[in-house]
Amino acid sequence: MINNVISKDPILIVGGGPAGASCAWKLASAGIPCVLIDKASFPRDKVCGGALSARTAKVLISSGILPPEELEALTLAEHRTISLWNRDELLRTFTSQGTPVRIISRREFDNTLISKAAAAGASIVTGEAVVSVDPSSVTTSAGKTISFSNLVGADGCGSLVRKAISSKRGRGTGMGLEYCIPLTDLDEEPEEIQIHFGYFPRGYIWVISDCEKVNIGAGAVGSPALPSDIIFALSGFLEARGISCEKYQLNGAPIPSLELDRNLGKGNIYLAGDAAGLVDHVSGEGIGHAVESGFMVADCISSGGDREAVLNRKDCCISIVRQSVFYRHLLFSPFTRRIAMMGLRDNEEYAQGYWNIISGKESYNEMFGRFLQ
Ligand SMILES: Cc1cc2nc3c(=O)[nH]c(=O)nc-3n(C[C@H](O)[C@H](O)[C@H](O)COP(=O)(O)OP(=O)(O)OC[C@H]3O[C@@H](n4cnc5c(N)ncnc54)[C@H](O)[C@@H]3O)c2cc1C
C-alpha cells in the first residue's frame with residue numbers, strides 16, 4: 001500500500017485523514033504526483049461518532065473514491081429514525097423516507113481512503129510527523145527537510161500548517177467526548193439516533209448504535225461550555241440511565257472552533273477539513289466537509305492555483321459551514337432556544353427540516369427560506 005519515493009519539490013499533504021487522503025487521491029488520479037505524510041501509522045483510530053450524512057455519501061460516491069458497493073461494505077448501520085429531546089423531555093420521533101445516515105468505523109474508513117490514494121499513485125509516508133513549517137519546506141520528526149511546490153494542511157484541528165500561515169486562533173472551546181458501550185452491556189439497543197439538547201451550551205448529547213456498540217457522546221462547537229462541564233453532563237446522563245461511567249473509557253478530541261478559512265489557505269499553502277475550520281457548528285459534522293474540501297484543494301492546485309472558481313461553487317461545504325455558524329444561534333442561543341425546542345416538539349416540519357439538514361438533503365438557507373414563505 002505504501003509508496004514512499006519522494007520526488008523533488010512535490011505537492012506535500014500533511015495529514016492522512018479524510019481531507020488529506022481525498023486530496024491525495026484526486027491529485028494522483030489526475031496524474032499529478034504528490035506526497036502525503038501522517039504522524040500515525042494506519043490503520044489508526046480517530047475519536048468520532050462515525051456518522052456519514054447523505055450529503056457525504058453523495059460526495060464519496062459521485063467522486064468515484066468510494067463506489068456504492070464499497071461504501072456499503074464499510075457501513076456498520078443505517079439510521080432513518082431520529083428522536084429529539086430537550087434534556088429528558090421527548091420532543092419528537094421522526095422517521096425519514098429518504099436516504100439514511102450511515103455509521104462507519106473511522107479506523108476502517110480512513111484506512112480505505114488512504115489506501116485508495118496510494119493505489120492511485122500518491123506517495124505515502126506514515127509514522128512521521130511534520131514538526132515545523134517554513135515558507136518553502138517542512139521538517140519532519142525523522143529530521144528530514146522536504147521542500148514543496150504546494151503544501152496542503154490537512155492536519156486536523158490543531159493544524160501546524162494553519163498556525164504557520166494564520167494568526168487567527170479558535171474562538172471558545174470546541175470539544176467532543178464519547179463512551180463506546182458494548183450492546184451486550186445494555187438492556188436494550190436504542191433503535192434510533194437520539195439527540196439530547198439542553199445539557200450544556202451550544203451542543204448536545206448523542207446516542208448512536210452501530211449494531212455492536214453504542215456511542216454515547218457529547219460535543220459542542222464554538223462553545224462557552226468547558227470540557228469539564230461536558231464531561232459532567234455526559235457522566236450524569238449515563239448514570240441516570242444506570243450506566244456506570246467508571247467501567248468504560250472516555251475518549252475525547254477537540255472540534256475546531258477555529259475561524260473558518262474561507263480561502264482555504266493562501267498562496268501555495270492550502271488548508272482542508274478541520275484545519276480550515278470546516279465543521280458544521282450545529283451538528284458537529286466534519287467528515288464530509290473534509291472529503292469535499294480535500295477535493296476542492298486538489299482542484300485549486302490542478303488548475304494552477306486558481307482559487308476563485310473553486311471557492312465560489314454554489315452550496316459547497318464552505319457555504320454550508322458559514323450558514324451553520326449563523327443558524328446555530330437559533331438553536332442554541334438562550335433567547336431563541338426555547339422557541340426552537342417548542343418548534344421541534346409542535347411542528348413536524350421543523351423535525352423534517354432538522355433531519356434534512358443533518359442528512360444533508362437541504363441547506364440551512366433552503367430550510368429557513370421555506371419557513372419564511
Ligand atoms: C467526539 C467527536 C465525534 C465526531 N463525530 C462526527 C460524526 O459522527 N460525523 C462527522 O461527520 N464528523 C464527526 N466529527 C468530526 C470529524 O471527526 C472531523 O471533522 C474529521 O475527522 C476531519 O477530518 P480531517 O481529515 O480534517 O482531520 P483528521 O481526521 O483529524 O485527520 C488529521 C490527520 O492529520 C495527522 N496529523 C496531525 N498533525 C500532524 C503532523 N504535525 N504531522 C503529520 N500528520 C499530522 C493526524 O494523525 C490525522 O491522521 C466528530 C469529532 C469528534 C471530536
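If you read the sequence from its start, that first residue is 1, and numbering goes on from there. In each ligand, atom 1 is the first atom listed, and ligand 1 is the first ligand listed.
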Worksheet entry | Contact check, Met175 vs ligand 1, heavy-atom distance below 4.0 Å | no

Practice prompt. Write out the residue and atom name of the closest protein heavy atom to atom 33 (C) of ligand 1, then the distance separating them to 0.1 Å.
Written response: Asp38 OD2, 3.5 Å

Discussion item. Please determine whether side chain to side chain contact (heavy atoms under 4.5 Å, CB included) holds for the pair Ile287 and Arg106, giving the CA-CA distance in whole Å, both sets of side-chain angles, and the decisive distance to 0.1 Å.
Written reply: CA-CA 10 Å; Ile287 302 170; Arg106 283 297 298 271; 3.8 Å; yes

Worksheet entry | Location of contacts on Ala290 toward ligand 1, heavy atoms closer than 4.0 Å | side chain

Response to the item:
Going by the 4.0 angstrom heavy-atom rule, the piece of Val14 near ligand 1 is side chain

Response to the item:
Honestly, for Ile255 the part within reach of ligand 1 (heavy atoms, under 4.0 Å) is side chain

Worksheet entry | Derivation of the salt bridge (Lys or Arg N to Asp or Glu O under 4.0 Å) call for Glu285 and Arg55 | CA-CA 11 Å; Glu285 176 186 6; Arg55 188 173 193 277; over 6 Å; no

Practice prompt. Decide if atom CD of Glu191 counts as having more than 12 heavy atoms of other residues, nucleotides or ligands within a radius under 6.0 Å.
Written response: no

Worksheet item: Is ligand 1 under 4.0 Å from a heavy atom in the side chain of Ala154, in the backbone, in both, or in neither?
Response: backbone

Worksheet item: Does some non-hydrogen atom of Gly50 fall short of 4.0 Å from ligand 1?
Response: yes

Worksheet entry | Cation-pi geometry met for Arg202 and Phe200 (6.0 Å, 45°) | no

Practice prompt. Flag the pair Tyr199 / Tyr204 as yes when their ring centroid distance falls below 6.0 Å, and as no otherwise.
Written response: no

Worksheet entry | Top protein contact for atom 53 (C) of ligand 1, by heavy-atom distance | Ala253 O, 3.4 Å

Item to complete: Measure across Val282 and Ser324 and return the closest heavy-atom pair with its distance rounded to 0.1 Å.
Response: CG2-O, 3.8 Å

Response to the item:
Residues Leu76 and Ser105: closest non-hydrogen pair is CD1-N, 3.8 Å

Worksheet item: What is the nearest protein non-hydrogen atom to atom 52 (C) of ligand 1, stated with its residue, atom name and distance?
Response: Val47 O, 3.7 Å

Discussion item. Considering non-hydrogen atoms of the protein only, which is the closest contact for atom 27 (O) of ligand 1, and what is the distance?
Written reply: Gly156 CA, 3.8 Å

Fill in: Protein heavy atom at shortest distance from atom 19 (O) of ligand 1
Asp274 OD1, 2.7 Å

Fill in: Donor-acceptor under 3.5 Å (Asn111 side chain, Arg44 main chain)
no

Practice prompt. Could you state whether Phe94 and Trp206 fall into the same hydrophobic cluster, counting links through intermediate Ile, Leu, Val, Met, Phe, Trp or Tyr residues with side-chain heavy atoms under 4.5 angstrom apart?
Written response: yes

Worksheet entry | Per atom 3 (C) of ligand 1, closest listed option by heavy atom (Gly176, Ser159, Gly49) | Gly49

Discussion item. Under 4.0 Å from a heavy atom of Ala19: which atoms of ligand 1 are those, numbered in the order shown and with their elements?
Written reply: 25 (O), 26 (O)

Practice prompt. Report the nearest protein non-hydrogen atom to atom 43 (C) of ligand 1: residue, atom name, distance rounded to 0.1 Å.
Written response: Lys39 N, 3.3 Å

Worksheet item: How close does the nearest protein non-hydrogen atom get to atom 50 (C) of ligand 1, and which residue and atom is it?
Response: Cys48 SG, 3.9 Å

Worksheet entry | Cation-aromatic face contact Arg92/Tyr354, 6.0 Å, 45 degrees | no

Discussion item. Can you check which of Glu178, His289, Arg106 brings a heavy atom nearest to atom 17 (O) of ligand 1?
Written reply: Arg106

Worksheet entry | Protein heavy-atom partner closest to atom 15 (C) of ligand 1 - residue, atom, separation in Å | Gly284 O, 3.7 Å

Worksheet item: Looking at ligand 1, does Gly219 have a heavy atom less than 4.0 Å from it?
Response: no

Discussion item. For the CZ atom of Phe42 and the OG1 atom of Thr126, what is their distance to the nearest 0.5 Å?
Written reply: 7.5 Å

